[in-house]
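Structure, as structure tokens:
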Amino acid sequence: MARRRSRSTGTESSGVLFKVLGSLVLILLVAGGVFLATWDIKPPTRTIETVIPNDRF
């Protein structure tokens, strides 16, 4: 028996590829947004002391 070759132009496989890549990008964007929304960023803890002259009061 001879196998029939598919006369596909590649549009079906490239369409699936674009859907998979688009889904992957969307998942990465959502995951990045969730990460940034829940990330507990610590504020700077360096103490700053300034001397205010008495003339200003």
Self-check item: Interatomic spacing from CD1 in I52 to OG1 in T50 - rounded to 0.5 Å
Solution: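 Here the rounded value is 5.0 Å.
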Self-check item: Where at least one partner belongs to residues 17-38, residue pairs that pass side-chain hydrogen bond (donor to acceptor under 3.5 Å, both in side chains), sequence neighbours excluded
Solution: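 Checked against side-chain hydrogen bond (donor to acceptor under 3.5 Å, both in side chains) - neighbours excluded - no pair reaches residues 17-38.
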Quiz item: Which pairs pass ring pair (Phe, Tyr, Trp, His ring centres under 6.0 Å) with one or both residues in residues 22-55, sequence neighbours excluded?
Solution: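 Found F35-W39.
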Quiz item: side chain to side chain contact (heavy atoms under 4.5 Å, CB included) with L21: which residues, sequence neighbours excluded?
Solution: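 Listed in chain order: L17.
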Quiz item: Can you list the residues that meet the salt bridge (charged side-chain N to carboxylate O under 4.0 Å, His left out) rule with K42, with sequence neighbours excluded?
Solution: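 In terms of salt bridge (charged side-chain N to carboxylate O under 4.0 Å, His left out), with neighbours along the sequence ignored, K42 is linked to D40.
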